[in-house]
Amino acid sequence: MKRFVSTFVYGGLLLVGLTLAYLGWTRAPEPPRPGALVWDLGQLGAIQEVRLERPAGTIALRPAAAETGPVWVRVTTPVAPPIPSPAGTPEASPAASPASAPARTEEFVGTPRAREIVTELVRLAGKRALGELPAPKLAELGLAEPQETLTVVTAAGERRLALGGTVLGSGLRYAQELGPGGVYVLEPRLLQDLSGAPVRLLQRDLQPFAPTDFDGVEVLFAGRSQAFARNPDSTLQWTRAGSAEVVAPAGPLLAKSTRLKAVRYLPASETPAGEPLVELRYLKGTEPLGFLRVFAGEVGAGGQPRLLGVSGLTAGRAVELTSPLAAELVTDLAAWWEVPSPLAPPAAALPPPAPLLPAPSSSTEP
């Protein structure tokens, strides 16, 4: 009897524990506590710029006015000045001051995460609010002389946060609203994604759709145009538009076009010259989904040009395409359409043939 009662009691406790755990995991997340709210800027489109300034450089996000528009990311990195030559040598030069040191700037379209960061900063909530702290405590948290600041620019002005050290044993960051203001503990992801913008926020995709989302494509190449439709019986096969004829080379070639990525964005001043080598127009039914234009850039090592791309997702900015995939797209298309490849190196002049030597005589002297 006692064994039965014990089993019943422990079973009941287990059931209660499982029920509480389920309710804890499935309940709606609590809104930020009033004390942990850093600021609320109101409207979603209020932010004009987000700027993270640190000794390693400045990272700025500039969202388009439209919510569906791109978020441009600008990364400015200081370049260390050359080490001055020893005094008294002919090439001696004065050391450049940090203020006069040149900077390298890179600008690119941000991923959807860049837009999420801007949205999160409209109503910024901290993990905890620590209130106003005395100077010794600020120094202990790395806020007396902060090395990093986060600035949010709106039409009404700027809101700035000094960023301090991390909470021991976690990635949480201490932050203080400059003014002076209260101290907060912030979740690490937003700041980590901003700091890693060149890797985490670079939009490498060229199209806003999945490779299986389009069912029609028009290919323009070598002065000709051909239209293809996806075979409804097989997503990997393509037919000529208006025909049931399966075109075997179309599938692998179009698959390569959707695998192309952006390696880096060119400055706005560097626009591709001339007509595109290849242009692809992707369709869903009769509605355009996107496009890709491939251009020949400067000639690089091996006598081959860098291949550049422009698409709707790059906001009209030229990007350097992944290689050798981009070159394979052009050469495969030329082989399929039986035209000379625009990437074929010019035929080298052959050396003149060597003079023929007289054949050795088989006769012998008497």
Side-chain angles (χ1 to χ4, degrees), residues 32 36-41 44-65 69-80 98-99 101-130 138 141-167 170-204 264-265 267 315:
L37 186 64
V38 181
W39 62 55
D40 189 345
L41 304 178
L44 190 60
I47 295 180
Q48 299 175 349
E49 183 181 69
V50 175
R51 194 166 59 245
L52 176 64
E53 297 170 280
R54 52 189 184 155
T58 300
I59 296 171
L61 306 186
R62 295 187 175 91
V71 175
W72 284 97
V73 183
R74 179 186 289 265
V75 180
T76 304
T77 307
V79 178
R104 181 175 60 250
T105 300
E106 179 186 6
E107 190 176 43
F108 50 85
V109 173
T111 62
R113 176 58 185 153
R115 173 64 68 177
E116 292 176 2
I117 290 174
V118 174
T119 302
E120 291 173 15
L121 286 172
V122 172
R123 191 174 189 272
L124 180 61
K127 186 76 173 178
R128 295 193 301 274
L130 305 182
L138 292 177
L141 302 182
L143 293 169
E145 297 180 358
Q147 298 296 306
E148 299 182 34
T149 58
L150 178 66
T151 304
V152 175
V153 181
T154 68
E158 294 184 352
R159 303 293 292 266
R160 301 184 68 202
L161 282 176
L163 303 176
T166 59
V167 178
S170 73
L172 300 171
R173 291 285 300 273
Y174 294 108
Q176 180 186 28
E177 185 169 13
L178 296 179
V183 176
Y184 302 88
V185 178
L186 302 182
E187 294 281 1
R189 187 190 173 197
L190 185 146
L191 297 174
Q192 289 172 351
D193 289 346
L194 264 178
S195 299
V199 175
R200 299 189 180 192
L201 302 184
L202 174 62
Q203 178 60 275
R204 299 188 184 277
R264 68 180 185 91
Y265 282 66

First locate atom [atom1] of [X], then atom [atom2] of [Y], and finally report the distance between them rounded to the nearest 0.5 Å.
| X | Y | atom1 | atom2 | value |
| --- | --- | --- | --- | --- |
| Arg160 | Glu158 | CZ | CD | 6.5 Å |
| Glu177 | Leu150 | CD | CG | 10.5 Å |
| Thr149 | Leu52 | OG1 | CG | 7.0 Å |
| Arg173 | Leu163 | CZ | CG | 5.0 Å |

Which atom of [X] lies closest to which atom of [Y], heavy atoms considered:
| X | Y | answer |
| --- | --- | --- |
| Ala162 | Leu178 | CB-CD2, 3.6 Å |
| Leu143 | Gly164 | CD2-N, 3.4 Å |
| Pro188 | Gly171 | CB-O, 3.1 Å |
| Arg115 | Pro63 | NH1-CB, 3.8 Å |
| Ala114 | Leu61 | O-CD1, 4.0 Å |
| Gly110 | Val73 | CA-CG2, 3.9 Å |

Got [X] and [Y] here, is their nearest side-chain heavy-atom distance under 4.5 Å?
| X | Y | answer |
| --- | --- | --- |
| Val50 | Ile47 | yes |
| Val75 | Thr105 | no |
| Thr154 | Arg159 | no |
| Leu41 | Leu121 | no |
| Leu138 | Gln176 | yes |
| Leu130 | Tyr174 | yes |
| Thr76 | Arg74 | yes |
| Ser195 | Arg200 | no |

side-chain contact (heavy atoms from CB on, under 4.5 Å) between Tyr184 and Leu37, worked out: CA-CA 9 Å; Tyr184 302 88; Leu37 186 64; over 6 Å; no
Give the C-alpha distance, both sets of side-chain angles, the deciding distance and a yes or no for side-chain contact (heavy atoms from CB on, under 4.5 Å) between Leu172 and Thr166. CA-CA 5 Å; Leu172 300 171; Thr166 59; over 6 Å; no
Can you list the residues that meet the salt bridge (Lys or Arg N to Asp or Glu O under 4.0 Å) rule with Arg204, with sequence neighbours excluded? none
Partner residues of Glu49 under the side chain to side chain contact (heavy atoms under 4.5 Å, CB included) criterion, sequence neighbours left out: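 So Glu49 forms a side chain to side chain contact (heavy atoms under 4.5 Å, CB included) with Arg51, Ala60, Arg62, Val153.
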Look at the side chain of Tyr265 and the backbone N and O of Gln203, then say whether any donor-acceptor pair between them is shorter than 3.5 Å.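 Such a contact is found between Tyr265 side chain and Gln203 backbone.
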Can you tell which of Leu186, Val185, Val183 makes a side-chain contact (heavy atoms from CB on, under 4.5 Å) with Arg128? Val185
Apply the test salt bridge (charged side-chain N to carboxylate O under 4.0 Å, His left out) to residues Arg113 and Glu120: give CA-CA distance (whole Å), side-chain angles for both, the deciding distance (0.1 Å), then the verdict. CA-CA 10 Å; Arg113 176 58 185 153; Glu120 291 173 15; 2.8 Å; yes
Set out, in order, the CA-CA distance, both residues' side-chain angles and the distance that settles side-chain contact (heavy atoms from CB on, under 4.5 Å) for Leu124 and Leu161, then state yes or no. CA-CA 11 Å; Leu124 180 61; Leu161 282 176; 3.6 Å; yes
